[in-house]
Every structure is written in C-alpha cells, then in structure tokens.
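Contents: one structure, followed by commentary.
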Amino acid sequence: MQVSSLNEVKIYSLSCGKSLPEWLSDRKKRALQKKDVDVRRRIELIQDFEMPTVCTTIKVSKDGQYILATGTYKPRVRCYDTYQLSLKFERCLDSEVVTFEILSDDYSKIVFLHNDRYIEFHSQSGFYYKTRIPKFGRDFSYHYPSCDLYFVGASSEVYRLNLEQGRYLNPLQTDAAENNVCDINSVHGLFATGTIEGRVECWDPRTRNRVGLLDCALNSVTADSEINSLPTISALKFNGALTMAVGTTTGQVLLYDLRSDKPLLVKDHQYGLPIKSIHFQDSLDLILSADSRIVKMWNKNSGKIFTSLEPEHDLNDVCLYPNSGMLLTANETPKMGIYYIPVLGPAPRWCSFLDNLTEELEENPESTVYDDYKFVTKKDLENLGLTHLIGSPFLRAYMHGFFMDIRLYHKVKLMVNPFAYEEYRKDKIRQKIEETRAQRVQLKKLPKVNKQLALKLIEEEEEKQKSTWKKKVKSLPNILTDDRFKVMFENPDFQVDEESEEFRLLNPLVSKISEKRKKKLRLLEQQELREKKEEEEPEGKPSDAESSESSDDEKAWVEEVRKQRRLLQQEEKVKRQERLKEDQQTVLKPQFYEIKAGEEFRSFKDSATKQKLMNKTLEDRLKIEAKNGTLSVSDTTVGSKQLTFTLKRSEQQKKQQEAEKLHRQERKRLRRSAGHLKSRHKRGRSFH
C-alpha cells in the first residue's frame, strides 16, 4: 500500500504494491507469498480486480454491493461482489462499450451503449435484447418517472426509447450539430445535454420543450486562461435541485446555479485536457473533477484546492463509492485503481478493516514493473555475457527482451564491472560539488567543451547589446543559457573538429578570426588561473573591427576556399607518399591458402588473365572467343548477324563425361564377352 499526502490529506493507494508477472503459475505465486514479506503484506482488496488490457468505465450499483467495469481486449464486462471480495461473473461483448447504466439496485438490469450504434440490454441471467439507434451514440441517461432512455451522439436529435412500451418515441430536436454528454436531474427531472458548440440545452421531459440555454464556451474564457480552440462540453453533472457542474474539453469546470446564466465559479485544471467526469461530495462541499492526468478535489464555494490525486497511468473514468472515502478509477492499464481517503468518509462496510490498517501499513512508492525481475534486451545480455542463458529457465522471453531475476542481474553486473559503484559515487560527488558552486557568485567562465564556439556566441551577444536597433528586433534565446543545448558544451562527443575537411571548406574565413579567438582564449585561461574577479579585455582590435575584417566579400571568400582546397590536396599528397614509403618498407610474408576437398589447384595466373579479360570491352572479348573457336559470327540472308558459341566445360563436367565414356566402354566389353560365352555354350551342346 502506498500513501501520499497533499495539503495534509492522506491518500492510500490500495492497488499499489508488488505486481507479479502473469506468466507465473499459481503454485509459484503462493510460494512467493510464503517467502517474500512484501508480497505477503500486499493488500489485494478485491481478487482479480483488473482487465486484460484497458478499463474504460466503472460504476457501483445503488445498493453498494456490486462494482461493474467494462474494458478490452476482448470487449467485456466484469461484475465484482464486494461482500465476497471476488469476481462474480464476466460476460464478453460483441463490440467496445462507450458507457453503460445500471437501472436496478443490483446488477439484474444493465444497459450498454456500444460504439457500433447498438444498445444492449442484460438481465440477471445474461444477454436479453439488442437494438440500434440511427446515429453513433456518445452518452445516455435514464428518466425513471417515464421509463425513457435519452440517447445523444453524432446528431442534432436526442433519441428517446421507452422501455415500458418497447418502442422509440419522437426525438427532441436541438440547435446543435452534435451532442456529447447528457444528464437528468433526479429531483425535478430536468434533462440537460452538452453540445459540441459549447452550449448546454435544458429540456422539460413532460412538455418536450426547451426551457433554457447556457453558453458555457463564452463563460469559460477568463483573464487567466489560455484557450486555443473552441471549448466543447465533455462532462455534465447535477447536484440537488439547483446546482449543475459543466466540464469542457479545454480543462475548465463551470459551476452553475440554474436560476442564473452566469457561472458561480470557473475552475481551471491548467492541463488543457478534456474533463472526463465530475462528482459531488456533499459532506465536505467538495467537487471531484478528473481529466486523463489528475483528479482534483476542490471546494465548491471558494474553489480552493482540497487535495489532488495523480496516478501513474492515464485515467478513463472515476467513480466515488457512495457515503465513503473510497475512490475507484478506470485506467489505461490492466489494473484498476482503488484509493482510500479517510478525510472524505469512513471505509465501506465490506472493508471496514481499512481504518485500522491505513496508519500501520505505509510503504514507499515502487516504480519498477516487476520488483523481483529485471527487463533486459539482447544487447544487454551481450554486454553482460549471458547470451548462453537464452532458452534456459533463468530468462523469460517477453516482447523485445527477457525478464531475469534481479539478484542474478546485480551479481553479474558486479562481476562484469566491479568498479561501477565507485564511478557512480564519484559522479554523484562531482555533481554535488558543482551544485554548491552554482550557488556562489558566478564569474565569466568558458565551458570545457567547444570553448571557441562559446566565445564566438558571447561575442555575438555583446555585439547585439552594443547595437542601437536591439529594441526593435525580437530577442532570441541564447544557446549558452538554453537547457536544450547544454549537452553540446558538456559532452566531449559534441566537440567540433576544426581540422576536418567539411569544417574547413564550409568555414573558409574562420581561420583569421579563430587565430584572434585563440589568443583571447589563452588570455581568458590565464585569467582563470589567476582567479581574478573582473574580466580584462584582451589586447587587439575590438569586435567591431574584427567583424569588419571578416566581411562577406565574395572574392575573398572564393580565394579562401581555393586556398583551403590546395592545402587539402597537399595534405592528401603527403599522406599518399607516406603510405607508399610504408608499403615499400614492409616485408611481404608468404601466405598459405587451404584448398577445399574436391577442387583442383590452378595457378594464380588464371585469375589474373580472367580479371584482364573482364576489364576488356565486349567487342574485344568476342574477338578473342572467335580466335579460340568457341564463337562464330555469320551474316544471314535477311541482313542480320547470327552468333553461335559453345559453352566451356568445367573440370568436373569433363571428369564426369570421361567417367561416363569409360562406363559405356566397359558395358560394351561386358556385352561382347557375354555374347562369346553364350555362343560357346551353344556349340558345346550341339557337339554333345
């Protein structure tokens, strides 16, 4: 269990703890629970409280006994019995669920809205009925007095399905192009829908007439908020007879009194993400608003933050367990979140033991995926010399790498690099010393890497400051002070090689300035050694004179480029001569080659002649072939050329043909001898 505190409000994460890999068998999991104290102390409030991949929505039944959640993949709904603290049933569905509603006090009547326009009804025994709406749905609400389901979606109409008569009624025609969310006030039955234009339309179900219109997009814009697009309505919730909270896609929550068209309060999440859900907590006058990153709890009268909850993974839905301090979340991860906030209320009746455990079991947050296993790639295994373990029980293949025991990993890493800890310790000490130095009075010092580039940037900055038109031009950020380019002046791998051919050709005029800059660098280094507090300007011409000398005259630039090219050619010539001398001085040693079995050795002259032949043109090669007799060219009657050639036989083919010839001769000889014997035998019989 993990505990966090904000504004002195403790939040206990009951779903946090050591997570065991799915591929472990039940027997190994039980063995781990016996051996490992941390696993044994882990609180699993509800058994198998997770989805295969992602959980999308989560709700609690009215009697508080059942928790229903939908997720993927494959699309399914799971029902958990809180009295048994385990999974009651699981039903797979044909398509993903957009949202669902529990119509009864328990799980016996459920309505699902699918993303393929289907509406699915489930009873206690399972699937009951399926129907379809004309447009894709996004949300729906149930009106208990009339037994009507109100569906909103990618249409200007609000579809009504009467469950008592079993048929569709005339839809409500709104002024919006599309509707995102809807809600029905449980006190007086007012129906409200949030549109894509940022308005909220209120309808009276009894007369089927619109009774009010709120422009929330205009009211959500305040002096402190920055809005880049039109705010649309993404969440809607009633509280009591007169209070309504509206969430927008730009991250604002507006609190309305239905008697006024102006919001009482506008709360900005400061993340710019759509508001996913809104809940009211009446005992402390709090509003719980959630986007995909954070759940904020704030006072509905003053707007002051009470506390906030920021899970590791993105949120899809939030559900507040009634009359308690428990919060359930549907996340972009298989495990669903369970949080207990004692300040909001007591623990539910089915887990009343939490009140005694929360103060005793406080653990530090864990950041690793599997605490007892380390994920390593194939490259990591090569560096550690453990590639021979692939396929053994010590490595478990997973995605693009392997899971291995963390103890084995630490042992091998210590054997491969025994001084890793000492190096890590020295780096940490050096970082601490640099942090303390940064708090002192900073002198003008050049970085360790790319000193000349840094000096050039400093001179350019000074020129900008001296110029008279500096106020008219928009000031650009300095590379030396920008954190994005900090590594360029710290990592030696980014050192500019001024002796390279590319640098010398691209910067032909930099040589004159670089000489003066080197003098300045030497003076600055001497100044740093003397540890003077004030920087003395180096002797020579000021920067304006230098910049005038390094003018962008085209002729001077061309001459400098030619000069650099000549220098590069001379250097290349010297290098070639040195290589030639080295080749002449080297003594050639005899090299031995191994001939494969079944092959004959031919002289190296054959390969040389073959190479010479390949270098010749096609015409020359044809002439040589014609001389050898393997090729003949003749004219035809039509006027074209006729080319006849014979293929060269390899040594193996020649041997094979000779062997076949000997075989045929041997067979002929045997036939003759057999004929002679037969004729002698006949003559002998006739004689007798």
Side-chain angles (χ1 to χ4, degrees), residues 1-8 10-11 13 16-18 38 270 293-294 308-312 362-377 379-380 383-384 404-459 461-462 476-497 520-536:
M1 182 166 56
Q2 177 184 342
V3 61
S4 60
S5 179
L6 182 67
N7 292 342
E8 298 182 356
K10 287 189 175 182
I11 302 173
S13 176
C16 182
K18 282 205 169 185
D38 295 333
Q270 304 293 339
R293 187 177 295 180
I294 194 170
S308 63
L309 171 64
E310 193 167 358
E312 294 181 4
E362 294 183 3
E363 299 174 358
N364 295 325
E366 300 291 336
S367 58
T368 53
V369 179
Y370 297 132
D371 303 311
D372 296 332
Y373 293 86
K374 172 73 176 176
F375 181 80
V376 290
T377 60
K379 190 175 180 180
D380 296 335
N383 296 334
L384 296 173
M404 66 182 298
D405 196 288
I406 192 70
R407 294 168 295 180
L408 176 63
Y409 174 78
H410 286 315
K411 284 181 183 178
V412 175
K413 194 173 181 183
L414 191 62
M415 292 169 65
V416 171
N417 191 2
F419 303 104
Y421 177 72
E422 290 296 328
E423 292 173 2
Y424 170 77
R425 184 170 169 272
K426 287 178 183 178
D427 289 340
K428 281 291 180 184
I429 292 170
R430 183 176 51 79
Q431 289 176 8
K432 290 286 184 183
I433 292 170
E434 288 177 358
E435 287 175 3
T436 54
R437 282 178 180 171
Q439 298 171 2
R440 302 175 187 170
V441 178
Q442 293 293 320
L443 301 176
K444 186 177 179 182
K445 290 185 179 181
L446 294 174
K448 296 179 181 178
V449 183
N450 288 327
K451 290 186 178 181
Q452 292 193 19
L453 178 61
L455 187 59
K456 178 186 173 185
L457 294 171
I458 291 169
E459 288 176 358
E461 190 69 24
E462 289 175 357
L476 297 173
N478 192 2
I479 295 178
L480 287 170
T481 57
D482 199 336
D483 291 338
R484 295 175 295 176
F485 304 97
K486 185 171 65 174
V487 187
M488 192 169 67
F489 301 101
E490 293 178 355
N491 194 344
D493 295 336
F494 291 93
Q495 178 68 46
V496 177
D497 186 10
K520 201 170 183 180
L521 271 173
R522 285 195 292 269
L523 290 171
L524 284 172
E525 287 174 359
Q526 291 172 7
Q527 183 181 348
E528 286 179 3
L529 290 171
R530 289 191 226 102
E531 297 181 354
K532 288 185 179 181
K533 292 184 179 179
E534 294 181 359
E535 182 186 84
E536 296 177 2

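The two residues L384 and V416 come nearest to each other via the heavy atoms O-CG2, 3.8 Å. Here the closest heavy-atom approach between residue V449 and residue M488 is recorded as CG1-O, 3.8 Å. Between E310 and R293, the shortest heavy-atom distance links the atoms CG-O, 3.5 Å. For S308 against I11, the heavy-atom pair with the smallest separation is O-CD1, 3.5 Å.
Crowding of Q431 atom CD: a count of heavy atoms from other residues, nucleotides or ligands under 6.0 Å exceeding 12. R407 CZ: 12 or fewer foreign heavy atoms inside a 6.0 Å radius.
Atoms CE and NE2, from M404 and H410 in turn, are 10.0 Å apart once rounded to the nearest 0.5 Å. Residue E490 holds its CD atom at 14.0 Å from CZ of F485, rounded to the nearest 0.5 Å.
Under the 4.5 Å side-chain criterion, counting only non-hydrogen atoms from C-beta, Y409 is not in contact with D380. Proximity of K432 to I429: side-chain heavy atoms (C-beta onward) are nowhere separated by under 4.5 Å.
Qualifying ring pair (Phe, Tyr, Trp, His ring centres under 6.0 Å) partners for F375, counting only residues two or more places apart in sequence or in other chains: H400, F403.
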